[in-house]
Number of protein chains: 2
Amino acid sequence: MDFDQTYKGPYCPLTQIALAGSNAMNLKQLSEILGLSQTTVSRALNGYPEVAERTRLRVQHAAQKHNYQPNIGAQRLARGRSMTIGHVIPLSTQHEMVNPVFADFIAGAGERYSACGYDMKLTIVDDQNEEDIYRDLKSRGSVDGIIVHGPLMNDPRIPLLQELDLPFVVHGRASDIETPYCWVDVNNASAFQRAGEFLLSLGHRRIGLINGLEHMDFAHRRRAGLVAALEAAGITPNPDYLHAGEMTEINGHNAMKAMLALDTPPTAVVVASFIAALGVRRALDEAGLRMARDVSVITFDDDLSYLRNGDSIPIFTATRSSVRQAGRLSADLLISHIENPTAAPEHKLLEADLIIGSSTGPVPQE
Amino acid sequence: MDFDQTYKGPYCPLTQIALAGSNAMNLKQLSEILGLSQTTVSRALNGYPEVAERTRLRVQHAAQKHNYQPNIGAQRLARGRSMTIGHVIPLSTQHEMVNPVFADFIAGAGERYSACGYDMKLTIVDDQNEEDIYRDLKSRGSVDGIIVHGPLMNDPRIPLLQELDLPFVVHGRASDIETPYCWVDVNNASAFQRAGEFLLSLGHRRIGLINGLEHMDFAHRRRAGLVAALEAAGITPNPDYLHAGEMTEINGHNAMKAMLALDTPPTAVVVASFIAALGVRRALDEAGLRMARDVSVITFDDDLSYLRNGDSIPIFTATRSSVRQAGRLSADLLISHIENPTAAPEHKLLEADLIIGSSTGPVPQE
DNA sequence: CGCGCCATTCAAAGCGCTTTGGATCTGTTT
DNA sequence: AAACAGATCCAAAGCGCTTTGAATGGCGCG
């Protein structure tokens, strides 16, 4: 814990902030208007059974009429719960990419939070002290639970959160962690295995991979899946065909370009992200090659709202799984575990669809 | 206001939630350990001057040692402030795109919030009742201020927030609103005017526009800027060359494809987003045309972390302005107005850079 | 009639923090 | 020496809600 350099608490003689006299209607006022006790009004609004139905209706109408909303800080304090779920987004200065998948995941999760009365709190953490953030979140009572994004193969956040006894759901998994915990993940291995098998069935034997950073768990599994398909077909993966890096358009482009420069380039590639696949297409265009005819491409497609894979006919053959849906499921799972803390950890494994588009075709004749 | 269908308050006989006995260290305990009053401990930690420096150090050490963090709900209640800034993301079911720019903006703003001791609260609102959300936020004291995303030309949120007396900063502007308010915006008009002038200087006369939805303020201004450049050169914009739609890869592709099918297609296009520009490139590739040589392309580039415009040589000629930086500036502006509520509204107009890349060239000979 | 039993309602005690309005103790001033 | 000022510290009163434990009133029943 460090006492922040830039924020020193409420003492600020220069800009004396008028402590907002909260002009909003409060419980006391409302109960006086109604000629009822605060207890009864509170219970009426919170659905307790020991209040007469007539009274409840009267209270609800009055609340609506006077635009009463319980103060959230007071509720948090009194209930000992924050009704808030935290998302921590690490953003080191080296690796300062915001995961493009993030916005859609959040949108899915946020839908469910709203429906269940939870708030979403986002924390952008730009240094190494991510651990401190979690400890803080716990000890200040800022959140009732946490979503863990972008797990590594042996992610230290998982044991930490377990130790802190803060409910959490991982979006993804951590292969090297044995103890049970809650997660929601796509079956990355099977998706890429099927992609590989599909390419093999088209006659491809020289199959490349443009993967995400392989200390990320999802990338590790995708590689394993593809390699499994190749090896099952008696093919030893060619190291020159295996690329891993941040999943940007540029990296996709550069990786494809590098492979095209080989003596015997692959006839097909599997790409770990739609954005990288756009870069692959650019590299092919620059080389005067056409997708499907010259090089087959399969991409993973997170079904992002702003990057749809074509309207009617898909542009790319793809393994598709909606990350927004994963957001919804993660939110529901977390909420259910917050409200039922003794339940055993649960998880959900989603299967990606293999969508046939116009970026794959039979292996070209030599 | 409506009492949510799905969430009925704390009464839930089935899943009796153990009200977390908040095992964390609190102020009372800490003050007892130190043999001081809660007052003094609180003041010591909050930087008040009337506590002896020796005492302050002793308190800080003890706080650190016992891992004391003030409970956030209690602080909110006592201070009458939430130290939270709200971002409301509308997401109607028809128009269910998550703005791809959003993640980077949030990352920029979040950096500043963390540095200044504020939390960020995201609300995804999927129906029409966005107005209720703002009223709620105000009357529950959930947030101290709000960032308004994606303003329309005459955005009803602005007068609403003014009426509610809730500090806010608009990311963008609303052309039709006269009353002053805080905003941070790129000079969209000047950016697209310069883009137009640059194309004119290369000899282009048939210049197209692939714009965002033109009820969005930014899109309206971009169009105005481009049209101004054309008209200044004595060119009346051809309606067939003016497209507006959601800024997706597919729409960019379709708009370009439509223009290429004209008897006299444009020799250059200005595109309102990088993602749409990728679609434009695809349309050109499919038509066997090359960027720069056959058709010049200029795009607006928000400098998204996951969509960089090339590493060394930019792929596209572009008007560039970092949306992440806009996030930082918006956050700083909002915080300064929250802490100094009487200050007159301020705003910041950012100029985009015109970056010359390899997607533009002289007009082809007929 | 007197008793117990629901069904309702309420007063008051927190939740953990900030802040007001002194109190106490030095040291300084007249 | 009395009075005052400044530097520290404190007890207690909130902030607005939830929840405990008890009171109230109506009603049926022996």
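Since the model is a prediction, treat every value here as computed from it, not as a measurement. To find a chain, count down the sequence lines: A is the first, B the second, and so on, and within it residues start at 1.
At whole-Å resolution of the value, CZ in A/Arg43 and C1' in D/dT18 are 9 Å apart. Taking atom CG of residue B/Leu27 and atom P of nucleotide D/dA12, one finds them 16 Å apart after rounding to whole Å. D/dT24 atom C1' lies 15 Å from atom CG of A/Leu36, rounded to whole Å. Counting to the nearest Å, the P atom of C/dT18 and the CG atom of B/Leu30 are 12 Å from each other. Here the P atom of nucleotide D/dC10 and the OH atom of B/Tyr48 are 17 Å apart, to the nearest Å. Per the geometry, CE belonging to A/Met25 stands 15 Å off P belonging to D/dC15, to the nearest Å. In this structure, B/Leu77 places its CG atom 10 Å from C1' of C/dT18, rounding to the nearest Å. Atoms CD (B/Glu32) and P (D/dA11) sit 11 Å apart, rounded to a whole Å.
Of the candidates C/dC17, C/dG21, D/dC17, the closest approach to any side-chain atom of B/Ala78 belongs to C/dC17. Comparing atom distances between the B/Ala74 side chain and each of C/dG16, D/dT18, C/dC10 picks out C/dG16 as nearest. Minimum atom distance to the side chain of A/Tyr68 is reached by D/dC17, of the listed C/dT19, D/dC17, D/dC9.
Close to C/dC10, at under 4.0 Å from its OP1 or OP2, lies a side-chain N or O of A/Ser37. The shortest distance between the side-chain N/O atoms of A/Asn71 and the OP1/OP2 oxygens of D/dC15 is not below 4.0 Å. OP1 or OP2 of C/dT18 sits under 4.0 Å from a side-chain N or O of B/Gln75. Contact annotation: B/Gln38 side-chain N/O to C/dC17 OP1/OP2 distance is not under 4.0 Å.
Judged purely by distance below 3.5 Å, without hydrogens or angles, the side chains of A/Thr40 and A/Ser37 pair a donor atom with an acceptor atom. Counting only N and O atoms by type, the side chains of A/Gln75 and A/Arg81 include no donor and acceptor under 3.5 Å apart.
Side-chain to base pairing of A/Thr39 with D/dT19: one donor and one acceptor N or O lie within less than 3.5 Å of each other.
A/His87 and A/Phe105 have perpendicular rings, their planes meeting at more than 60° on a 0 to 90° scale where under 30° would count as parallel.
Considering all non-hydrogen atoms of both residues, B/Val184 and B/Ala326 come closest at CG1-O, 4.1 Å.
Test B/Leu122, B/Leu137, B/Val148, B/Ile124 against B/Val88 for side-chain contact (heavy atoms from CB on, under 4.5 Å) and you get one pass: B/Leu137.
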